[in-house]
Amino acid sequence: GGKAKKSKKETSKKPPEPSADPLLLFSTYATHCKIIGLEPHDAVRQSLTAHAHDNPHYGKQILISSSSSSGGGGATPSTGDNEHGGGGGGTIPFTAGNCRALATAILGKCLTAATTTTTSGGTESGTASQKSGTIYTALKELRLWQCPIGDDGVLPIAELLRLGGAELQMSFLELMAVGMTHVGAKALGRSLMCGMNRSLVSLNLDFNATLGTEGVIALCHGLRTNSTLKKISLKRCNITGRAGGKAMGEILSFPKSSLSTLDLTGNRLNGDGLHALCFPGLLQNTSLVTLHLPDNNV
């Protein structure tokens with residue numbers, strides 16, 4: 001008899017490309033963490049190495065929550081989608097250093113130990129000297145809940161949006177209660193202004209009370225020329241009065257705006273802020289379908 005033929009299934013099975021291999025991404029991230037003297041975070045490990053067979057979001061979504069118990073349970077500040085993958089972060093916080101290591105790994109860059117850097121997110125042994133590699137193009141959603149990354153952690157995420165370009169088609173970014181201020185907001189706005197990132201359609205910055213009106217003004221300075229975002233959520237971000245309303249109105253008045261949902265629940269716009277939001281912003285807008293404004297002293 002002749003030799004047994006391999007099944008079509010066996011011969012066609014190939015390892016994932018480096019640009020879509022979550023295990024390789026985690027390995028690179030873990031190496032970067034080691035270089036700067038940090039332990040790889042368990043939530044990143046879960047998102048990139050677990051639930052491969054039963055989770056449709058495996059490899060496409062990274063979910064990190066420093067407030068949840070290990071395994072992804074527990075209350076979170078979000079209203080849904082925890083069942084879609086990733087998980088809790090145990091009791092060890094996900095810091096700015098972890099965030100930089102992850103963003104650098106996603107961009108396919110390499111960290112080399114050179115100096116010692118101290119940031120508001122902690123002290124890290126080592127700094128970044130970077131060279132080009134393979135961008136992890138499979139990522140669609142990045143969600144951070146109650147992670148104390150501050151502006152030092154938001155900056156590499158802004159860089160991720162700016163440098164990922166056409167290769168990294170991330171559509172959903174959620175940075176909830178991460179302690180960002182106008183510094184991080186300015187960087188995000190610049191990454192999302194006209195001519196920069198064109199893939200992001202949903203931006204959620206809920207529960208960043210440290211953002212304030214100054215932060216929203218800095219954010220909107222970039223977002224006022226964005227034509228791809230469809231949803232922005234800024235619940236309880238301490239946005240106040242006429243200045244805050246005017247900044248949001250500038251986004252709405254952009255002729256090429258695609259924004260369909262804007263959630264400003266739990267701020268303090270009051271009557272003056274609402275008027276500044278509506279005139280001329282809302283009056284000129286043709287894309288907005290849903291505007292949430294409860295608990296704004298209106």
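What you see below is based on every heavy atom in this structure, not just the backbone, and it leaves out hydrogens, waters and symmetry mates. This is a predicted model, so every value here is computed, not measured.
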Using the rule side chain to side chain contact (heavy atoms under 4.5 Å, CB included), only one of [options] pairs with [X]; which is it?
{"X": "Leu188", "options": "Leu173, Leu223, Leu200, Asn197", "value": "Leu173"}
{"X": "Leu262", "options": "Leu291, Leu293, Val289, Leu282", "value": "Leu291"}
{"X": "Asn296", "options": "Leu274, Asn270, Leu269, Ile239", "value": "Leu269"}

| Qualifying residues under ring pair (Phe, Tyr, Trp, His ring centres under 6.0 Å), relative to His275, sequence neighbours excluded | Phe279
| field | Set of residues satisfying ring pair (Phe, Tyr, Trp, His ring centres under 6.0 Å) with respect to Phe94, sequence neighbours excluded | value | His41
| task | For salt bridge (charged side-chain N to carboxylate O under 4.0 Å, His left out), just list the numbers for Arg45 and Glu39, CA-CA rounded to whole Å, side-chain angles, deciding distance to a tenth of an Å, and then say yes or no. | result | CA-CA 11 Å; Arg45 189 192 310 273; Glu39 288 292 324; 5.9 Å; no
| Given the rule that I, L, V, M, F, W and Y join up when any side-chain heavy atoms are under 4.5 Å apart, are Ile157 and Val183 in one cluster? | no
| Should Leu264 and Ile217 be counted in the same cluster of Ile, Leu, Val, Met, Phe, Trp and Tyr side chains packed under 4.5 Å apart? | no
| said: Surrounding CD of Gln284 (heavy atoms of other residues, nucleotides or ligands, distance under 6.0 Å), is the total greater than 12? | reply: yes
| field | Lys140 atom NZ, over 12 foreign heavy atoms within 6.0 Å | value | yes
| field | Donor-acceptor side-chain pairing of Thr240 and Thr213 below 3.5 angstrom | value | yes
| Cys33 and Ala101: which non-hydrogen atoms are nearest, and at how many Å? | SG-CB, 3.9 Å
| task | Mark yes or no for whether Ser19, through its side chain, and Ile135, through its backbone, hold a donor-acceptor pair below 3.5 Å. | result | no
| Ignoring hydrogens and geometry, is there a side-chain-to-backbone donor-acceptor pair from Thr28 to Ala105 under 3.5 Å? | no
| remark: Across all chains, not counting sequence neighbours, the salt bridge (Lys or Arg N to Asp or Glu O under 4.0 Å) partners of Arg236 are Asp295
